[in-house]
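In what follows, a structure is listed as structure tokens, so that the remarks can point back to it.
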Amino acid sequence: MIPLGGTIMLGLVFLGYLALNIFTETVIYGGNYKLVKVDLLRRGFAIFAILVYFVLEWTKWPQWVKAVILVGPFTMLLITIVLQYYQNMILALMGVGLLVIISILIIQRFKKPWFFYYAIGFSVLAALLYGWPRP
């Protein structure tokens, strides 16, 4: 369920980011795409998506639904880190590794089920496939 639902969630998060990017470009900057600060927009959206996930964590939804929802915001955050340090992939991998370690510690602290680890692993795979430099 994590790969299918996580891929759908990732698509929804990307569509949300695309909508924000298009809105910023057309409405705020009048169609001048060169003025849009995409890095700042990406970072802000990733933080917003993670904060929305933390709010959803307080709901009484089943744990597997929360794990599926986690894939979208967490992958967006990982992609943001990878693209921030795109020129130095060692730093990018260190940032991703640090975030994964912190996430695993949080999952262990709150005694979440095993599929949260699966969601984290799926997110790391998706983020690295998306952000890895191409030859």
Side-chain angles (χ1 to χ4, degrees):
M1 195 66 185
I2 299 281
L4 177 62
T7 303
I8 291 170
M9 281 307 303
L10 187 55
L12 291 174
V13 169
F14 278 169
L15 284 175
Y17 170 68
L18 176 65
L20 180 64
N21 196 353
I22 290 172
F23 173 80
T24 304
E25 178 184 320
T26 56
V27 174
I28 295 176
Y29 290 106
N32 190 350
Y33 67 91
K34 292 180 181 180
L35 295 176
V36 179
K37 296 182 180 9
V38 180
D39 284 345
L40 183 62
L41 198 62
R42 187 184 310 115
R43 279 185 234 133
F45 188 78
I47 291 169
F48 172 75
I50 286 292
L51 290 176
V52 168
Y53 173 76
F54 284 139
V55 169
L56 291 176
E57 185 62 34
W58 290 341
T59 64
K60 295 184 188 243
W61 293 352
Q63 292 294 320
W64 68 269
V65 172
K66 294 177 186 178
V68 167
I69 293 172
L70 173 65
V71 171
F74 192 68
T75 306
M76 185 71 185
L77 190 60
L78 293 176
I79 288 172
T80 301
I81 291 171
V82 170
L83 293 180
Q84 178 67 32
Y85 300 106
Y86 188 78
Q87 299 296 325
N88 190 346
M89 284 307 286
I90 303 240
L91 282 177
L93 291 174
M94 287 172 56
V96 167
L98 180 64
L99 189 60
V100 167
I101 289 170
I102 291 169
S103 300
I104 288 173
L105 291 174
I106 291 171
I107 290 171
Q108 288 177 345
R109 166 72 173 87
F110 290 102
K111 297 177 177 36
K112 295 290 184 182
W114 64 270
F115 35 80
F116 278 87
Y117 298 102
Y118 188 41
I120 296 292
F122 185 78
S123 294
V124 170
L125 179 66
L128 292 179
L129 285 174
Y130 178 85
W132 198 262
R134 305 232 186 343

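Sequence positions, counted from 1, serve as the residue numbers for this chain. Both backbone and side-chain heavy atoms feed into the values below; hydrogens, waters and symmetry mates do not. Everything numeric in this text was worked out from a predicted model, so none of it was measured.
Taking all atoms of both residues into account, the shortest heavy-atom contact from A67 to F115 is CB-CD1, 3.7 Å.
Within the structure, no pair that satisfies the salt bridge (Lys or Arg N to Asp or Glu O under 4.0 Å) test touches residues 65-79, not counting sequence neighbours. Within the structure, no pair that satisfies the salt bridge (Lys or Arg N to Asp or Glu O under 4.0 Å) test touches residues 78-91, not counting sequence neighbours. Residue pairs satisfying the salt bridge (Lys or Arg N to Asp or Glu O under 4.0 Å) criterion with at least one member in residues 39-64, sequence neighbours excluded, are listed as follows: D39-R42, E57-K112.
In this structure the side chain of V13 reaches within 4.5 angstrom of the side chain of F45, judged on heavy atoms. Within the 4.5 Å cutoff, no side-chain heavy atoms of I81 are placed close to those of Q84. A heavy-atom distance below 4.5 Å is not found between the side chains of V82 and L78.
Summarising the hydrophobic clusters (Ile, Leu, Val, Met, Phe, Trp, Tyr; side-chain heavy atoms under 4.5 Å, direct or chained), the residues clustered with I106 are L98, I102, F110.
Y118 and I8 fall within a single hydrophobic cluster, where Ile, Leu, Val, Met, Phe, Trp and Tyr are joined by side-chain heavy atoms under 4.5 Å apart, directly or via other members. Cluster membership check: W61 shares its hydrophobic cluster with W114, using side-chain heavy-atom separations under 4.5 Å among Ile, Leu, Val, Met, Phe, Trp and Tyr. Under a hydrophobic-cluster definition in which Ile, Leu, Val, Met, Phe, Trp and Tyr are linked whenever side-chain heavy atoms come within less than 4.5 Å, directly or via other members, V55 and M76 are assigned to different clusters. No path of Ile, Leu, Val, Met, Phe, Trp and Tyr side chains, each step under 4.5 Å between heavy atoms, connects L51 with F48, placing them in separate hydrophobic clusters. Hydrophobic cluster membership differs between L77 and L105, with clusters built from Ile, Leu, Val, Met, Phe, Trp and Tyr side chains linked at under 4.5 angstrom.
Annotation for Y85: atom OH does not count as buried by contact number, only 12 or fewer foreign heavy atoms lying within 6.0 Å.
A distance of 7.5 Å separates CG of L99 from CD1 of I50, quoted to the nearest 0.5 Å. Here L70 contributes atom CG and I107 contributes atom CD1; the two are 6.5 Å apart, rounded to the nearest 0.5 Å. Atom CH2 in W64 sits 9.0 Å away from atom CD1 in I2 (nearest 0.5 Å). Once rounded to the nearest 0.5 Å, the distance linking CD1 of I69 with OH of Y53 reads 7.5 Å.
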Please tabulate, one pair per line, all N/O donor-acceptor pairs under 3.5 Å involving side-chain atoms of residues 16-36, not counting sequence neighbours.
unit_1 : atom_1 : unit_2 : atom_2 : d
T24    : OG1    : L20    : O      : 2.7
T26    : OG1    : I22    : O      : 2.8
N32    : OD1    : K34    : N      : 3.4

Side-chain donor-acceptor pairs of residues 120-135 under 3.5 Å, sequence neighbours excluded:
unit_1 : atom_1 : unit_2 : atom_2 : d
S123   : OG     : T75    : OG1    : 3.1
S123   : OG     : A119   : O      : 2.9
R134   : NH1    : Y130   : O      : 3.4
R134   : NH1    : W132   : O      : 2.7
R134   : NH2    : L129   : O      : 3.1

**Message:** For F116 and Q108: C-alpha separation, side-chain torsions, deciding distance, then whether side-chain contact (heavy atoms from CB on, under 4.5 Å) applies.
**Reply:** CA-CA 10 Å; F116 278 87; Q108 288 177 345; over 6 Å; no
